[in-house]
Q: 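Below you will find the structure I want to go over with you.
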Amino acid sequence: MNTILTYISVSDGKIKRSSLEVLSKCRLEAEKNGLKTAALIVDENASSLAEKVRPYGPSEVYIVEGSEFKNHLNSPVLKAVSGAMNTIQPKVMAFASTENSKDILGALAANQNAPALPDMSEFELTDKGVKGKRPVMAAKIISRVEAVGDPVIISVRSGSYDLIESPSEPQIKKLDFTVTEKEIKTTIREILTAAGDKVDLSEAQTIVAAGRGVRDEEGRKLIDELATVLNAGIGASRALTESGVYDPSLQIGQTGKVVSPQLYIAVGISGAIQHTAGMANSKVIVAVNKDPDAPIFDITDYGIVGDLYKVLPPFIEELKKLKSN
Amino acid sequence: MKFYVCIKQVPDVNAPLQIRDGELLQDRDRMILNAYDASAVEESLVLTEEHGGKVEVVMVGPDKARETLRKALAMGADNGTMILTDRPDLDSTAYSRILAAFFKDKDYDFICCGKQAQDTDAGLTGSMLAEQLELPYVSNAVGLNYENEKLIVRRQGDAGQEIIELPSPGLVTCSNDMNEPRIPNLKGIMQSKKKPVDSITPEDLGIDIGSIELSTNILGFEEMPERETGKKFEGDPDEIAREVARLLDQEAGLV
Ligand SMILES: Cc1cc2nc3c(=O)[nH]c(=O)nc-3n(C[C@H](O)[C@H](O)[C@H](O)COP(=O)(O)OP(=O)(O)OC[C@H]3O[C@@H](n4cnc5c(N)ncnc54)[C@H](O)[C@@H]3O)c2cc1C
């Protein structure tokens with residue numbers, strides 16, 4: 001009733017930065033509205049992660065721990081979060097928008113009979129609930145939305161808010177949790193982890209993204225080299241994830257991931273709205289494309305018109321030189 | 001095997017649009033079958049072609065959205081139900097309640113939905129429906145197989161993919177990364193005209209649509225903040241490449 005609760009996303013034992021961004025913003029909203037800030041960690045090793053949220057100022061950290069959370073499966077997580085909401089009765093339940101929070105958001109809203117606003121780029125509390133903004137129409141425009149209710153469930157796009165430190169001495173409260181095998185009706189048969197390095201694109205400071213213009217092994221080698229020099233994560237357009245050239249988890253855009261790095265370099269990507277929907281929020285955008293009319297140039301800060309096979313080698317060489325100075 | 005696929009008609013996001021006084025003006029003639037739903041239809045057809053069974057499509061929408069239902073029938077779905085409403089402001093909760101009322105007395109193995117609608121990208125309706133029907137579900141499917149009365153779902157997660165067994169009855173939400181939906185051929189289009197379509201209203205399902213109070217509302221639309229137009233470099237590849245590298249270092253401090 002008097003709490004804003006933030007769900008802390010954990011992946012591979014690490015807290016996702018985007019959920020700390022949400023926690024930071026929730027603390028500001030809580031202070032403005034005379035509410036408490038709390039965090040909820042649902043994980044196999046949740047207790048050991050509580051310390052990591054302390055810098056962002058929650059007054060309570062709720063913990064749900066269990067081996068059921070080793071790999072993401074929606075039914076135990078849903079049960080844990082709805083149980084926590086029943087106990088804590090938050091005014092707002094906020095998530096970072098990730099594939100795993102998307103997995104439960106609707107079900108949680110139905111379970112709690114609460115309105116939900118997904119993928120917000122801005123939000124604030126009102127006396128009736130929550131209002132804010134979310135990109136729609138493949139992020140061509142913004143829709144101003146409101147939810148009326150108590151609680152309201154929201155998710156927030158990564159990169160929408162800065163991390164703000166304000167350390168606290170939170171109370172750690174463990175919530176009871178049991179789930180029977182009968183309740184978990186689905187079973188994970190296998191986990192296929194993405195090949196290659198595991199930079200979390202939603203947190204990467206620099207991303208080099210490859211599109212259809214990167215047509216062969218030589219092109220991919222150039223992408224790898226460029227990413228290495230810049231210590232960047234590699235992303236891809238749908239043209240290259242669909243054809244199996246890059247792992248599907250690297251797809252950036254409307255169907256794929258939404259990213260907001262400091263630097264985004266689009267190589268051989270035309271700039272279809274479904275792609276830019278996932279990256280137009282990057283701070284600095286560079287594109288390499290041989291077509292001077294490619295739509296990607298409408299949103300670039302530095303547009304290089306040219307054949308990527310001719311542009312990338314000197315580009316990489318120059319970057320290396322600058323780095324070594 | 002009986003599949004139901006929930007489909008929606010959406011505006012084509014590629015069509016030009018305009019915002020005037022906070023209102024969204026768009027070409028109402030360019031309405032399409034939501035791409036994610038099209039993938040759900042396609043995958044259900046592939047599975048029933050292989051393992052036998054029927055595919056029924058269900059749509060909540062105005063009468064003029066029938067053409068989109070027809071498209072799914074032309075792709076190969078066996079029959080359809082149109083749940084007619086002219087209310088334009090329904091949110092995911094309202095849609096899922098109407099659908100839940102529809103499914104209450106139905107028999108099926110699996111319900112497939114698109115993972116989100118192309119226009120709003122909300123992605124809530126599928127799992128809201130699953131929760132109301134108390135069905136197990138898997139979201140963001142990028143591949144489906146059928147084995148021993150279970151759907152074997154490949155789900156795209158944050159970092160990798162999971163292979164999940166979904167028993168019947170269950171619900172799955174589909175990504176368009178799953179397949180390339182077929183384009184209806186002439187035969188399919190001809191046949192679709194003879195396929196049975198039930199037309200019902202929310203009232204037939206016990207829902208008084210006029211009095212549904214929405215808990216989420218659209219207050220208005222606005223333009224995306226414009227990005228400042230940057231510089232475009234044309235000319236000798238070696239020169240422009242090096243120049244941009246230096247600018248990234250000097251101007252942007254990003255090297
Ligand atoms: C519902 C829906 C969701 C979608 N979701 C996504 C998504 O999440 N992510 C996504 O990326 N797409 C998505 N798409 C697909 C999207 O519409 C485009 O088809 C896709 O982004 C195109 O990828 P591309 O730019 O790599 O390929 P293309 O559009 O084919 O562009 C290739 C570009 O490379 C340039 N090029 C070619 N050779 C060279 C060279 N030697 N040097 C330099 N430049 C060169 C060309 O000039 C061209 O501009 C979605 C589509 C739909 C309908």
Side-chain angles (χ1 to χ4, degrees), chain A residues 11 72 98-100 102-103 105-107 109-111 115-119 136-138 140-149 185-194 198 242 248-249 255 262-263 273 284 286 292 297 299-307 310-311 314-315 318-319 322-323, chain B residues 13 17 19 92-93 96 119-128 130-132 136-140 142 156-167 175-177 215-224 227 230-234 237-238 240-242 244-249 252 254-255:
Chain A
S11 156
H72 172 85
T98 65
E99 215 47 80
N100 289 349
K102 282 180 188 165
D103 192 25
L105 211 67
N111 177 284
L117 296 173
D119 284 300
V136 294
M137 303 300 284
K140 262 166 83 175
I141 56 171
I142 287 171
S143 161
R144 286 186 290 110
V145 290
E146 69 167 2
V148 177
K185 294 177 199 138
T186 52
T187 1
I188 301 181
R189 189 188 268 192
E190 201 183 336
I191 308 260
L192 313 168
T193 32
K198 291 217 280 178
E242 205 178 20
S249 39
T255 297
Q262 294 297 307
L263 174 61
I273 52 169
V284 172
V286 176
F297 287 128
I299 58 164
T300 50
D301 300 281
Y302 302 97
I304 307 178
V305 182
D307 182 345
K310 299 208 178 90
V311 169
F315 188 58
E318 191 67 25
L319 288 170
L322 292 164
K323 277 233 147 167
Chain B
V13 295
L17 50 82
I19 297 167
S92 311
T93 300
S96 67
D119 56 343
T120 64
D121 283 341
L124 296 169
T125 305
S127 73
M128 282 179 164
E131 176 71 14
Q132 288 170 70
Y137 69 93
V138 180
S139 70
N140 205 15
V142 292
Q156 180 64 51
D158 283 306
Q161 297 182 344
E162 300 128 27
I163 309 287
I164 301 174
E165 295 180 9
L166 177 69
S175 168
N176 62 336
D177 285 343
S215 54
T216 67
N217 297 296
I218 295 172
L219 304 173
F221 294 92
E222 48 188 73
E223 307 281 353
M224 274 284 166
R227 284 185 80 94
K231 289 173 243 165
K232 209 146 114 185
F233 298 80
E234 294 182 70
D238 190 86
I240 57 176
R242 289 178 198 277
V244 171
R246 283 192 294 271
L247 290 173
L248 280 180
D249 186 36
L254 285 168
V255 177

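Every chain is numbered from 1, with letters handed out A, B, ... down the list of sequences. Computed over heavy atoms, backbone and side chain alike; hydrogens, waters and symmetry mates excluded.
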Q: Heavy-atom pairs under 4.5 Å with chain B are the metric here; pick the option from A/Leu322, A/Leu105, A/Ile273 that has the most.
A: A/Leu322
Q: Would you say B/Val255 and A/Lys323 make side-chain contact, with heavy atoms under 4.5 Å?
A: yes
Q: Heavy atoms, side chains only, cut-off 4.5 Å: are A/Arg144 and B/Glu222 in contact?
A: yes
Q: Sort out for me which of A/Val145, A/Ile142, A/Val148 touches chain B most, counting heavy-atom pairs under 4.5 Å.
A: A/Ile142
Q: Taking the side chain from A/Ser249 and the backbone from B/Ala159, do they hold a donor-acceptor pair closer than 3.5 Å?
A: yes
Q: What are the two closest non-hydrogen atoms of B/Ser127 and A/Ala107, and how far apart are they?
A: OG-N, 2.9 Å
Q: Over all heavy atoms of both residues, which pair between A/Pro115 and B/Ser215 is shortest? Give the atoms and the distance, please.
A: CB-OG, 3.4 Å
Q: For the interface with chain B, which of A/Ala147, A/Ser143, A/Ser11, A/Ala116 has the highest count of heavy-atom pairs at distances below 4.5 Å?
A: A/Ser143
Q: Any non-hydrogen side-chain atom of A/Ile141 less than 4.5 Å from a side-chain atom of B/Leu17?
A: yes
Q: What I'd like to find out is whether the side chain of A/Leu192 reaches to under 4.5 Å of the side chain of B/Ile163, using heavy atoms alone.
A: yes
Q: Among B/Lys232, B/Glu223, B/Arg242, B/Glu234, single out the residue with the greatest number of heavy-atom pairs under 4.5 Å to chain A.
A: B/Arg242
Q: What part of B/Ala130 lies closer than 4.5 angstrom to a heavy atom of chain A: side chain, backbone, both or neither?
A: neither
Q: Please check this pair: side chain of A/Lys185 against backbone of B/Pro167, looking for a donor-acceptor N/O pair closer than 3.5 Å.
A: no
Q: Is it the backbone or the side chain of A/Glu242 that comes under 4.5 Å from a heavy atom of chain B, or both, or neither?
A: side chain
Q: Hey, what do you get for CD (A/Glu99) to CD (B/Glu162), rounding to the nearest 0.5 Å?
A: 9.5 Å
Q: Please determine, among A/Ala109, A/Gly149, A/Pro292, the option with the most heavy-atom pairs under 4.5 Å with chain B.
A: A/Pro292
Q: Please confirm whether the backbone N or O of A/Ile299 pairs with a side-chain atom of B/Arg227, one donor and one acceptor, at under 3.5 Å?
A: yes
Q: Answer yes if the side chains of B/Asn176 and A/Thr255 hold a donor-acceptor pair under 3.5 Å, and no otherwise.
A: yes
Q: Picking from A/Leu319, A/Leu263, A/Val286, what satisfies side-chain contact (heavy atoms from CB on, under 4.5 Å) with B/Leu254?
A: A/Leu263
Q: Taking B/Gly157, B/Ser96, B/Gly126 one by one, which has the highest count of heavy-atom pairs under 4.5 Å against chain A?
A: B/Gly157
Q: Can you name the closest pair of heavy atoms from B/Arg246 and A/Glu318 and give their distance?
A: NH1-OE2, 3.3 Å
Q: Taking the side chain as every heavy atom from C-beta outward, state whether B/Tyr137 and A/Thr186 have any pair of such atoms under 4.5 Å apart.
A: no
Q: Using side-chain heavy atoms (C-beta onward) and a distance below 4.5 Å, is B/Leu124 in contact with A/Pro118?
A: yes
Q: Counting only non-hydrogen atoms closer than 4.5 Å, does B/Leu247 touch chain A with its backbone (N, CA, C, O), its side chain (CB onward), both, or neither?
A: both
Q: Could you state the interatomic distance from CD1 (A/Ile188) to CD (B/Glu165), rounded to the nearest 0.5 Å?
A: 10.5 Å
Q: Is there a side-chain contact between B/Asp238 and A/Phe315 (heavy atoms, below 4.5 Å)?
A: no
Q: Can you list the residues that meet the salt bridge (Lys or Arg N to Asp or Glu O under 4.0 Å) rule with B/Asp119, with sequence neighbours excluded?
A: none
Q: Is any side-chain heavy atom of B/Thr216 less than 4.5 Å from a side-chain heavy atom of A/Leu117?
A: yes
Q: Check whether any side-chain N or O of A/Lys140 sits under 3.5 Å from a backbone N or O of B/Val13 as a donor-acceptor pair, and report yes or no.
A: yes
Q: For A/Ile191, which atoms come within 4.5 Å of any heavy atom of chain B: side chain, backbone, both, or neither?
A: both
Q: Step by step, work out the side-chain hydrogen bond (donor to acceptor under 3.5 Å, both in side chains) result for B/Ser139 and A/Asp103.
A: CA-CA 6 Å; B/Ser139 70; A/Asp103 192 25; 2.5 Å; yes
Q: B/Asp158: which residues meet the salt bridge (Lys or Arg N to Asp or Glu O under 4.0 Å) condition with it, sequence neighbours left out?
A: none
Q: For B/Asp249, is it the side chain, the backbone, both, or neither that has a heavy atom closer than 4.5 Å to a heavy atom of chain A?
A: side chain
Q: Tell me which one of B/Glu131, B/Gln132, B/Met128 satisfies side-chain contact (heavy atoms from CB on, under 4.5 Å) with A/Asn111.
A: B/Glu131
Q: Check whether B/Ser92 gets within reach of chain A through its side chain, its backbone, both or neither, counting any heavy atom under 4.5 Å.
A: neither
Q: Heavy-atom distance under 4.5 Å to chain B: side chain of A/Thr98, backbone, both or neither?
A: both
Q: Indicate yes or no for a side-chain donor-acceptor contact from A/Tyr302 to the backbone of B/Ala245 under 3.5 Å, with no hydrogens or angles considered.
A: no
